[in-house]
Trainee: 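Got a structure for you, questions after.
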Amino acid sequence: MIAFVSGPVAALAPTTAVIEVGGIGMAVQCAPGTLAGLRIGQEARLATSLVVREDSLTLYGFADDDERQVFELLQTASGVGPRLAQAMLATHTPDALRLAVATGDEKALTAVSGIGKKGAQKLLLELKDRLGEPVGTHTAAQGVGTPVSASWRDQLHAALIGLGYATREADEAVAAVAPQAEEALAAGGRPPVPQLLRAALQTLNRAR
């Protein structure tokens with residue numbers, strides 16, 4: 001198993017970072033919040049989890065070892081694959097997920113794209129004795145369902161800057177997808193940052 005990769009960031013894409021390790025570019029699948037903290041040419045260290053399939057080897061990257069551990073534990077629940085597990089961590093911090101499971105908070109889980117009410121109930125049952133108690137010192141202050149970043153705007157803006165877009169372009173793209181985010185907020189959910197990032201990139205591509 002590849003426990004982590006460390007080296008300069010060679011390239012960034014909407015869902016992938018390429019880390020140069022010993023002259024080899026390692027493609028690592030990352031959530032928007034993790035990508036937002038990376039910059040091309042700067043050193044990075046990502047905790048990783050290698051997912052082996054019959055037709056593929058996929059390396060998933062995380063900001064720290066705790067995120068990787070939760071990513072792997074989430075997949076012990078039936079119906080949870082690596083993509084859904086990563087989506088859960090893109091929406092909530094590890095401790096927010098632990099607290100949601102510990103308190104039976106369905107709403108926190110249904111805030112994740114791809115998880116409905118029945119799916120959330122099933123996950124709460126299966127994960128109850130697997131994730132453990134929250135380990136952070138400020139989980140109670142944050143509350144269940146605290147996003148990985150301060151706001152969807154900050155997370156999306158940082159991701160676009162990390163992908164090489166100018167500040168003005170990032171500002172315009174964030175403004176363009178704001179109605180989608182506001183619609184999600186009005187419905188009582190959380191803005192789906194991965195989908196917003198894709199929409200923002202489409203807007204930028206049309207403008208060029």
Side-chain angles (χ1 to χ4, degrees), residues 4-21 25-49 58-71 74 82-97 111-114 136 138-139 142-143 145-178 180-182 184-185 189-205 207:
F4 70 90
V5 294
S6 179
V9 179
L12 291 171
T15 60
T16 308
V18 177
I19 310 296
E20 185 179 341
V21 182
M26 305 286 287
V28 187
Q29 297 287 317
C30 302
T34 302
L35 291 170
L38 304 178
R39 295 292 181 271
I40 294 176
Q42 293 185 4
E43 292 288 321
R45 183 187 187 279
L46 296 176
T48 56
S49 178
T58 306
L59 198 61
Y60 289 83
F62 310 92
D64 54 41
D65 292 337
D66 188 34
E67 281 192 6
R68 179 189 61 196
Q69 182 181 20
V70 171
F71 171 79
L74 290 172
R83 290 186 181 278
L84 182 56
Q86 190 176 57
M88 293 171 74
L89 285 166
T91 305
H92 302 299
T93 64
D95 263 0
L97 284 172
V112 179
S113 178
H138 56 283
T139 303
Q142 287 184 332
T146 300
V148 174
S149 67
S151 74
W152 70 268
R153 289 179 183 274
D154 293 341
Q155 190 173 353
L156 184 57
H157 193 276
L160 291 168
I161 294 297
L163 289 170
Y165 288 97
T167 300
R168 179 185 59 79
E169 291 178 307
D171 290 340
E172 292 175 353
V174 170
V177 301
Q180 296 180 40
E182 291 168 359
L185 288 169
R190 297 188 182 279
V193 174
Q195 290 92 323
L196 291 174
L197 179 57
R198 286 194 289 271
L201 290 172
Q202 290 174 355
T203 298
L204 289 166
N205 289 335

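The model shown is predicted, which means the values in this text are computed figures rather than measured ones.
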Trainee: Which heavy atom of Leu84 sits nearest to which heavy atom of Ser113, and what is that distance?
Mentor: CD1-O, 3.9 Å
Trainee: Sequence neighbours left out, what passes salt bridge (charged side-chain N to carboxylate O under 4.0 Å, His left out) with Asp171? Give chain and number order.
Mentor: none
Trainee: With side-chain contact (heavy atoms from CB on, under 4.5 Å) as the test, pick out the partner of Leu97 among Val70, Thr91, Val112.
Mentor: Val70
Trainee: For the CG atom of Leu197 and the OG1 atom of Thr15, what is their distance to the nearest 0.5 Å?
Mentor: 9.0 Å
Trainee: Examine distances only and state if a side-chain atom of Glu169 and a backbone atom of Ala166 form a donor-acceptor pair shorter than 3.5 Å.
Mentor: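 Flag set: sc Glu169 to bb Ala166 pair under 3.5 Å.
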Trainee: Counting heavy atoms not belonging to Arg45, are there more than 12 under 6.0 Å from its CZ?
Mentor: yes
Trainee: Can you tell me how far the CD atom of Gln69 sits from the CG atom of Leu74, to the nearest 0.5 Å?
Mentor: 10.5 Å
Trainee: Do you know which two heavy atoms are closest between Ala27 and Thr16, and how far apart they sit?
Mentor: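 Taking Ala27 first and Thr16 second, the nearest heavy atoms are CB-CG2, 4.0 Å.
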Trainee: I'd like to know whether Leu59 forms a side-chain contact (heavy atoms from CB on, under 4.5 Å) with Leu46, so could you lay out the CA-CA distance, the side-chain angles of the two residues, the decisive distance to 0.1 Å, and finally the verdict.
Mentor: CA-CA 11 Å; Leu59 198 61; Leu46 296 176; over 6 Å; no
Trainee: Can you tell me how far OG1 of Thr48 sits from CD of Gln29, rounded to the nearest 0.5 angstrom?
Mentor: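 Rounded to the nearest 0.5 Å, the CD-OG1 separation comes out at 12.5 Å.
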Trainee: Check Leu38 against Ala44 and note the closest heavy-atom contact, atom names and distance.
Mentor: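 Reported closest heavy-atom pair: CD2-CB, 3.7 Å.
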Trainee: What residues form a salt bridge (charged side-chain N to carboxylate O under 4.0 Å, His left out) with Glu43, not counting sequence neighbours?
Mentor: none
Trainee: Answer whether the closest heavy-atom distance between the side chains of Glu172 and Arg168 falls below 4.5 Å.
Mentor: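 Glu172 vs Arg168: side chains touch.
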Trainee: Specify the closest pair of heavy atoms between Gln86 and Ala31, including all atoms of both residues, with the distance to one decimal.
Mentor: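 Nearest pair, atom of Gln86 first, then Ala31: NE2-N, 3.5 Å.
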Trainee: Just how far is it from atom CZ of Phe71 to atom OH of Tyr60, taken to the nearest 0.5 Å?
Mentor: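 One finds 5.5 Å between CZ of Phe71 and OH of Tyr60.
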Trainee: Please name the pair of heavy atoms, one in Val5 and one in Val21, separated by the smallest distance, quoted to 0.1 Å.
Mentor: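 Closest heavy-atom pair between Val5 and Val21: CB-CG2, 4.1 Å.
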Trainee: Which atom pair, heavy atoms only, marks the closest approach of Ala47 to Asp65?
Mentor: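 Minimum heavy-atom contact is CB-OD1, 3.3 Å.
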Trainee: Evaluate side-chain contact (heavy atoms from CB on, under 4.5 Å) for Ile19 paired with Val9, printing each intermediate quantity in order.
Mentor: CA-CA 5 Å; Ile19 310 296; Val9 179; 3.9 Å; yes
Trainee: Go through the steps to decide whether Thr34 and Glu67 satisfy the test side-chain contact (heavy atoms from CB on, under 4.5 Å), and finish with yes or no.
Mentor: CA-CA 10 Å; Thr34 302; Glu67 281 192 6; 4.1 Å; yes
Trainee: Does any part of the side chain of Leu201, heavy atoms only, come nearer than 4.5 Å to the side chain of Pro14, both counted from C-beta?
Mentor: yes
